[in-house]
Amino acid sequence: TLRASQNGGPAMDLDMVIGFAVAVKKAAPDFRYEEAIRSGTETGFVEEHRVRATFGQGAELDLTVCIVGEVKDGKITALREYFDPSGAAALAEALGR
């Protein structure tokens with residue numbers, strides 16, 4: 001069972017993560033990850049990447065994100081995502097948050 005969180009916020013299950021991803025992709029069809037740097041750890045992985053997108057009103061997102069992932073039996077069981085929330089203002093506005 002996957003558990004995910006953003007900036008230490010409330011836990012999200014897989015359905016919530018997928019729902020969020022669908023809403024983001026709808027708001028910004030060109031949403032993408034770039035410049036990924038990934039390293040294995042004893043319990044999973046750490047990844048840094050840039051998230052880029054353009055929203056309908058022309059607002060742009062260029063955000064550096066760090067993810068800590070835990071893997072068990074070949075499956076991701078936990079994702080902890082960290083980013084500067086002020087850099088995600090365009091995303092929050094596009095999602096009405």
Could you tell me which residues satisfy salt bridge (charged side-chain N to carboxylate O under 4.0 Å, His left out) with Glu47, sequence neighbours excluded, listed by chain and number? Arg38
What's the separation between atom CD in Glu81 and atom CD1 in Ile67, rounded to the nearest 0.5 Å? 4.5 Å
If you define the side chain from C-beta out and look only at heavy atoms, does anything of Val51 sit under 4.5 Å from Leu61? yes
Atom CZ in Phe20, atom CD in Gln6: separation rounded to 0.5 Å? 4.5 Å
Keeping Lys25 on the side-chain end and Phe31 on the backbone end, is there a donor-acceptor pair under 3.5 Å? yes
Does one hydrophobic cluster hold both Val24 and Val65, with members joined at side-chain heavy-atom distances below 4.5 Å? yes
Applying side-chain contact (heavy atoms from CB on, under 4.5 Å) to Arg52 and not counting sequence neighbours gives Arg32, Glu34, Glu35, Arg50, Asp62
Kindly determine whether Arg3 and Asp13 satisfy side-chain contact (heavy atoms from CB on, under 4.5 Å), including the steps that lead there. CA-CA 5 Å; Arg3 289 312 225 178; Asp13 63 16; 3.4 Å; yes
With a 4.5 Å cut-off on side-chain heavy-atom distances among I, L, V, M, F, W and Y, is there a chain of contacts connecting Val22 to Tyr33? yes
Minimum heavy-atom separation for Asp84 to Leu63, with atom names? O-CD1, 3.6 Å
State yes or no: do Tyr82 and Leu79 share one hydrophobic cluster built from I, L, V, M, F, W and Y residues joined by side-chain heavy-atom distances below 4.5 Å, directly or via other members? no
From Phe83 atom CZ to Thr64 atom OG1, the distance as rounded to the nearest 0.5 Å: 12.0 Å
Here the gap from Glu60 atom CD to Thr54 atom OG1, rounded to the nearest 0.5 Å, amounts to 4.5 Å
With Leu2 as partner, the option from Asp15, Thr77, Ile18, Leu14 fulfilling side chain to side chain contact (heavy atoms under 4.5 Å, CB included) is Leu14
